[in-house]
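First the structure, in the form of structure tokens, and then the observations on it.
Counting starts at 1 for both ligands and their atoms, following the listed order.
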Amino acid sequence: MLKGFFHVPKAVNEPVKSYAPNSPEKAAVQAAYTTLWNSQIDVPLYIGNEEIRTGNTRTISAPHDHKHIVGTYHLAEKQHIEKAIANALESRTAWANMAWEQRAAIFLKAAELIAGPYRARINAATMIGQSKNIHQAEIDASCELIDFLRYNVEFMTQIYGDQPKSDSTTWNRLEYRPLEGFVYAITPFNFTAIAANLPASAAMMGNVVVWKPSDSQVFSAKIIIDVFKEAGVPDGVINVVFGDALMITDTVLASRDFAGVHFTGSTHVFKDIWAKIGANIHHYKTYPRIVGETGGKDFIIAHPSANVKQVATGITRGAFEFQGQKCSAASRAYVPQSLWPAVKEQLIADVKSMKMGSPEDFGNFITAVIHEGSFDKLAGFIDQAKKDADAEIIAGGNYDKSVGYFIEPTIIVTTNPKYTTMETELFGPVITIYVYEDAKWEETLELVDTTSEYALTGAVFSQDRYAIEVATTKLQNAAGNFYINDKPTGAVVGMQPFGGARASGTNDKAGSALNLLRWASPRTIKETFVTPEDYRYPFLG
Ligand SMILES: NC(=O)c1ccc[n+]([C@@H]2O[C@H](COP(=O)([O-])OP(=O)(O)OC[C@H]3O[C@@H](n4cnc5c(N)ncnc54)[C@H](O)[C@@H]3O)[C@@H](O)[C@H]2O)c1
Ligand SMILES: N[C@@H](CCC=O)C(=O)O
């Protein structure tokens, strides 16, 4: 083993490329898009050193052109999940004992592969498989993923460097062991970066992993797997399985060696997983770590002192970027009566100007939502709002799934602050606005705090510092990420550690040392230099 206290390269955030007309990055991503669009990839299970094709397959299509098939992926059976667990456990000793700098080098290399040779491909795969426009793909699949990998390496070394006090008689050391068993990573469709980070952060800390990506993210998951392989993640460290989420999860949770779950997705799924872990608790070798970042009903509240253009832009960007399919997306807003006419005018004009269509056309701000289930759910809420006396649609409200799952960016205004779309996470391009009386600022803050079960993100817009202070205090438990004069989305790794409490998750803050700590089981080692040889205290003579 090498001798030395190594320093890792200082983490820096990956700059977001512009994809301006005639830029080399635009040409590269367009070429990658065309290649992948015309490809027929076949994605196996990755278990140990094997690529397993079960023959039981599902197709991968583009949400913005759902009849267009770009590949297939293979579905696991129970025996494959058991095999993935066995392979992970077989790989554990070698991986857990590998010097940390070797693990760091692998993930730093993965970051650079994405920053360079894989950038166009992972962005194009995210545009096709998850229907992100190029800007949204770039900030997710490239920049955020690169940032997760670089910063987590730095956080890992900070954790390892965090050591207890010693004195001249004893030397106290903390060893950050990986968990005793394997970690199960379950990832959502909506962020390529999150899909990669959940297995990678646990693996970086020396854990072995079974990773189950979302059925709606397999296309870009394949690129992540290629990157991890090329970067040198050894076989068996991250085992990838697709298929029936319930069967896979039940099989994983039945293992005595299950040591932790790293989940991001919807609240009800996480609660079910937690309940199953609780029911199995007597069976496990160790108390499993449970980390889950879940849903949101994220708010914007404008004070009468707020700047109208900033409020309207916070609403349109916060609610409609990536079709509102961000856990952080603004989905309820509170605007004072005095500002409402001007805010409304800009909102309607902005929504009218938003182009909707395939992400292949870089002029499109809005593309499709992820799948038919999401489309139907959103269309149902829009139809209901059209009927309800206490709701009015002032922009958007149309939808069409003949080619892709297109839902117009939609603004509902309600006279009922507890209207269903003020409370329920819709996960689409729909925001509901409640117009409040200017004099009821503090009562409205109370409404914001008590209307939803979630507490993920929220934003206050105000030019009045007293109002900002009151909102910051009154809403201290209403959001894990709180924004002042900014939209409630777009947290940057290393700058705004991300996560919420209440029904929004365990708030373990992805992209921070707090999250990585969950994947370590510290061992305290006390070494005494001159060890007593007599039980009597000195004063006893
Ligand atoms: N808080 C955050 O950081 C954060 C980030 C991204 C997404 N999200 C949330 O994720 C949700 C959207 O993503 P989604 O649609 O992929 O979520 P989802 O809950 O449908 O799926 C997430 C993952 O869980 C799996 N899954 C589904 N049912 C399961 C079950 N019964 N048992 C075990 N696993 C199951 C899915 O296959 C997928 O891999 C939203 O609620 C959003 O707010 C939260
Ligand atoms: N971290 C992202 C949201 C991730 C969830 O979907 C943001 O801050 O907008």
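Interface of Phe498 with ligand 1, defined as ligand atoms under 4.0 Å from a residue heavy atom, comprises 2 (C), 3 (O). Near Lys326, with a cut-off below 4.0 Å to any heavy atom, the atoms of ligand 2 are 6 (O), 9 (O). Each of the following atoms of ligand 1 lies closer than 4.0 Å to a heavy atom of Ile194: 5 (C), 6 (C). Of all atoms in ligand 1, numbered sequentially from 1 with element shown, those under 4.0 Å from a heavy atom of Gly295 are 41 (O), 43 (O). In the vicinity of Asn190, heavy-atom distances shorter than 4.0 Å reach the ligand 2 atoms 5 (C), 6 (O).
Scanning the protein for heavy atoms near atom 38 (C) of ligand 1, the closest one is Thr187 O, 3.2 Å. At the top of the distance list for atom 44 (C) of ligand 1, counting protein heavy atoms only, stands Thr294 O, 2.9 Å. Ranking the protein heavy atoms by distance from atom 42 (C) of ligand 1 puts Phe427 CE1, 3.3 Å first. For atom 33 (C) of ligand 1, the closest heavy atom belonging to the protein is Thr249 OG1, 3.1 Å. From the protein, the heavy atom lying nearest to atom 2 (C) of ligand 1 is Cys327 SG, 3.3 Å. If you check which protein heavy atom lies closest to atom 43 (O) of ligand 1, you get Glu425 OE2, 2.7 Å. Nearest non-hydrogen protein atom to atom 21 (O) of ligand 1 is Gly265 CA, 4.6 Å. For atom 30 (C) of ligand 1, the nearest non-hydrogen atom of the protein is Val269 CG1, 3.7 Å.
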Give the intermediate values and the outcome of ring-ring contact (aromatic ring centres under 6.0 Å, His included) for residues Tyr399 and Phe375. CA-CA 8 Å; Tyr399 46 78; Phe375 177 95; 5.7 Å; yes
Between Glu14 and Arg150, is the salt bridge (Lys or Arg N to Asp or Glu O under 4.0 Å) condition met? List the steps. CA-CA 9 Å; Glu14 179 65 12; Arg150 288 182 185 156; 3.1 Å; yes
Under the side-chain contact (heavy atoms from CB on, under 4.5 Å) criterion, do Asp235 and Tyr46 qualify, and how do the steps go? CA-CA 9 Å; Asp235 291 336; Tyr46 294 84; over 6 Å; no
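Ring to ring, Tyr19 and His135 are not that close: their centroids are 6.0 angstrom or more apart. In this structure, the ring of Phe299 has its center no less than 6.0 angstrom from the ring center of Tyr334.
In this comparison of Gly490, Gly318, Pro488, Gly265, the heavy atom closest to atom 7 (C) of ligand 2 sits on Gly490. When the options Ala193, Ala195, Ala245, Ser266 are ranked by their closest heavy atom to atom 34 (N) of ligand 1, first place goes to Ala245. Of the listed residues (Phe263, Trp211, Phe189), the one carrying the non-hydrogen atom nearest atom 14 (P) of ligand 1 is Phe189.
Looking at ligand 2, you won't find any N or O of Thr489 less than 3.5 Å from one of its N or O atoms. By the 3.5 Å distance cut-off applied to N or O atoms, Asn190 is not counted among the residues near ligand 1. In terms of N/O distances under 3.5 Å, ligand 1 is not approached by Pro188. Of the N or O atoms in Ala491, one or more lie within a sub-3.5 Å distance of an N or O in ligand 2. Note: an N/O pair closer than 3.5 Å links Ser328 and ligand 2 by distance alone. Residue Cys327 has at least one nitrogen or oxygen atom sitting less than 3.5 Å from a nitrogen or oxygen atom of ligand 2, judged on distance alone. Backbone and side-chain nitrogen or oxygen atoms of Phe191 are examined, and none is located within less than 3.5 angstrom of a nitrogen or oxygen of ligand 2.
Ligand 1 is never approached by Phe191 to a heavy-atom distance shorter than 4.0 Å. Under a 4.0 Å heavy-atom criterion, Ile186 is in contact with ligand 1. A heavy-atom separation below 4.0 Å is found between Leu246 and ligand 1. Not a single heavy atom of Phe270 sits closer than 4.0 Å to an atom of ligand 1.
Salt bridge annotation for Asp449-Lys474: absent, with no cationic side-chain nitrogen under 4.0 angstrom from a carboxylate oxygen. Salt-bridge check for Glu138 with Arg119: passed, with a basic side-chain N closer than 4.0 Å to an acidic carboxylate O. Salt-bridge check for Glu372 with Lys401: passed, with a basic side-chain N closer than 4.0 Å to an acidic carboxylate O. Ion pairing between a basic and an acidic side chain is recognised when a charged N comes within 4.0 Å of a carboxylate O; Lys418 and Glu423 show no such pairing.
Ring geometry for Phe228 versus Phe107: interplanar angle over 60°, hence perpendicular rather than tilted (30 to 60°). Note on ring orientation: taking the six-membered ring where Trp is involved, the planes of Trp519 and His262 are tilted (angle from 30° to 60°).
A heavy-atom distance below 4.5 Å is not found between the side chains of Lys297 and Thr424. With a 4.5 Å cut-off on side-chain heavy atoms, Val209 and Val237 do not count as touching. Using a 4.5 Å cut-off on side-chain heavy atoms (C-beta onward), Asn13 and Met495 make contact. Met205 is not listed as a side-chain neighbour of Arg518, based on a closest heavy-atom distance of 4.5 Å or more.
Residue Pro15 comes nearest to Cys143 through the heavy atom pair O-SG, 3.6 Å, listed as atom of the first residue, atom of the second, then distance.
Contact annotation for Ile370 and ligand 1: no heavy atom of the residue comes within less than 4.0 Å of the ligand. If you look at Leu456 next to ligand 1, the close heavy atoms, those under 4.0 Å, all belong to the side chain. Heavy atoms of Lys212 found under 4.0 angstrom from ligand 1 belong to the backbone as well as the side chain.
By the 6.0 Å and 45° rule, Lys222 does not stack over the aromatic ring of Tyr73.
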